Amino acid sequence: MTAWLLDPEVLHLNHGSFGATPAVVLEAQQRIRTRIEANPTRFFLEGEYQERLDCTRHAVAQFVGADPAGLVFVSNATAGVNSVLRSLEPSLMPGDEILVTDHEYNACANAAVVTASRAGAVVTTVAVPFPLENRSEVVDAVLGAVTDRTRVLLIDAVTSATGLVMPVDELVAQLEPDVRVLVDAAHAPGMVDFDVTELGASYVTANCHKWMCSAKGAAFLWVRPDRRDGVHHAVVSHGCNGGWPSQGGHLHAQFDWTGTHDPSAWLTVSDALAAVEAMHPDGWPGVKAAIRELCLGGRDVLIEALGIDPAAPADMIGAIASVPLPPADHSGSAIFDPLMAALRERHGIEVPVFTWPAPPDRVLRISAHLYNRQSDYDRLAEALKAELR
Ligand SMILES: Cc1ncc(COP(=O)(O)O)c(C=O)c1O
């Protein structure tokens with residue numbers, strides 16, 4: 001049995017979009033599903049679900065430096081961002097501002113726009129340079145866009161299309177508590193060192209199904225103690241009037257039960273943490289260092305093949321990295337550029353090519369995980385040279 005179920009006929013350079021899950025984790029997930037199906041009533045109503053959930057919560061909290069009381073599970077980072085923004089709506093006044101960068105993940109930027117429109121507030125989008133030379137360009141751009149009406153900063157810990165490890169620590173230190181910082185850390189845990197308590201933001205949401213390699217549908221939201229009472233899930237359920245017997249206070253009651261669902265991805269996150277840890281002699285620190293080195297090496301191959309400079313300093317790169325490509329010669333406006341399909345169909349390579357920041361400009365984003373080799377990037381470089389000729 002191989003460690004991953006990835007199709008060996010395809011070169012996988014898109015861990016960034018949906019992650020990949022070790023086979024042993026999917027087996028553990030199947031065991032939970034079988035257990036649920038044996039007696040759903042017993043599983044959900046007689047304590048087993050809550051007990052297993054609390055156990056996994058402790059493991060995830062420990063992995064990201066959180067206290068379990070402030071950590072709840074959601075299905076994905078999109079749901080985490082939506083829940084926080086929906087919770088903030090009553091506190092926003094007409095004319096208040098939600099600040100985002102132009103690197104923000106599209107779905108979450110959309111959530112900010114909807115929240116703002118409900119509250120009569122506005123979304124301000126600040127341009128952050130790319131290519132860029134250092135972290136302070138981000139800090140200066142974001143702080144320069146803060147006004148006395150800025151109430152919330154929504155910022156990615158690692159940006160999506162541009163693959164930048166953002167200086168969220170510096171921004172949080174400058175802005176909290178006057179501006180509430182909502183960190184969309186979809187990519188951070190398992191890719192870079194990430195400690196939510198140390199970070200000190202009001203809200204942090206992150207995926208387990210990306211770099212922690214859990215089954216799909218597992219993510220968490222952590223809320224700082226002083227903000228906990230004001231947060232609820234975007235879906236209102238039994239917990240709102242104490243109808244779900246959660247022991248963990250307001251926050252757990254709001255999120256632990258949002259209606260019947262398959263919780264097997266949540267309940268096997270610890271299996272994923274253990275499986276990936278066992279793949280490197282130095283455990284998780286070794287995994288993170290190895291995949292970053294692989295990614296930086298892959299980026300070097302591409303920038304040499306394309307004859308360009310690095311678009312970002314190495315200290316802003318984790319296990320995904322983006323390179324700007326020559327502008328597209330079509331006028332499409334979709335998120336993904338047609339070159340992505342060409343690389344898949346003609347070269348067997350899955351790698352995202354994003355239209356960014358707007359057509360005709362575009363970037364290609366590589367990823368690195370333990371199933372990748374340095375030669376993968378040589379193969380991509382050859383394919384790119386052929387396609388861009
Ligand atoms: C920065 C960022 N936020 C949020 C998401 C959304 O993740 P999900 O689809 O798991 O909600 C992504 C996905 O790639 C992302 O890159």
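In this chain, residues are counted from 1 in sequence order. Counting starts at 1 for both ligands and their atoms, following the listed order. Please read these numbers as outputs of a predicted model, since none were measured by experiment.
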Query raised in the report: Where does Val158 meet ligand 1, judged by heavy-atom distances below 4.0 Å: at the side chain, the backbone, both, or neither?
Result: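 For Val158, only backbone atoms sit under 4.0 Å from ligand 1.
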Query raised in the report: Does Thr78 approach ligand 1 within less than 4.0 angstrom via side chain, backbone, both or neither, non-hydrogen atoms only?
Result: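 Thr78 to ligand 1: contacts from backbone and side chain alike.
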Measure centre to centre between the rings of [X] and [Y], then say whether the value is under 6.0 Å.
| X | Y | answer |
| --- | --- | --- |
| His12 | Trp4 | no |
| Phe44 | Tyr49 | yes |
| Phe255 | His232 | no |

Less than 4.0 angstrom from a charged side-chain N to a carboxylate O is my criterion; do [X] and [Y] meet it?
| X | Y | value |
| --- | --- | --- |
| Asp378 | Arg373 | no |
| Arg346 | Glu387 | yes |
| Lys288 | Glu293 | no |

Residue and atom name of the nearest protein heavy atom (relative to [atom]), distance in Å to one decimal:
| atom | answer |
| --- | --- |
| atom 7 (O) of ligand 1 | Asn207 ND2, 3.2 Å |
| atom 14 (O) of ligand 1 | Lys210 NZ, 2.8 Å |
| atom 3 (N) of ligand 1 | Asp184 OD2, 2.6 Å |
| atom 1 (C) of ligand 1 | Asp156 OD2, 3.4 Å |
| atom 15 (C) of ligand 1 | Tyr105 CD1, 3.5 Å |
| atom 16 (O) of ligand 1 | His187 NE2, 2.8 Å |

Requested in this report: Please check if the side chain of Glu97 supplies one atom and the backbone of Arg151 the other of a donor-acceptor pair under 3.5 Å.
Outcome: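 The answer is no, because no donor-acceptor pair under 3.5 Å joins these two groups.
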Considering the heavy atoms of [X], write down every atom of ligand 1 situated less than 4.0 Å from one of them.
| X | value |
| --- | --- |
| Ala186 | 2 (C), 3 (N), 4 (C), 5 (C), 12 (C), 15 (C) |
| Ala77 | 10 (O), 11 (O) |
| Ser160 | 16 (O) |

Query raised in the report: With only distance considered, is Ser17 within less than 3.5 Å of ligand 1 through an N or O on each side?
Result: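 Among all N and O atoms of Ser17, none is under 3.5 Å from an N or O of ligand 1.
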Requested in this report: Over 60° means perpendicular and under 30° means parallel, so classify the ring planes of Phe130 and His103, tilted if in between.
Outcome: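 Perpendicular.
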Query - With Arg365, the side chain to side chain contact (heavy atoms under 4.5 Å, CB included) member among Asn14, Leu13, Thr162 - result: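 The single option meeting the side chain to side chain contact (heavy atoms under 4.5 Å, CB included) with Arg365 is Asn14.
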Query raised in the report: Contact between His209 and ligand 1, counting heavy atoms under 4.0 Å?
Result: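 Contact present.
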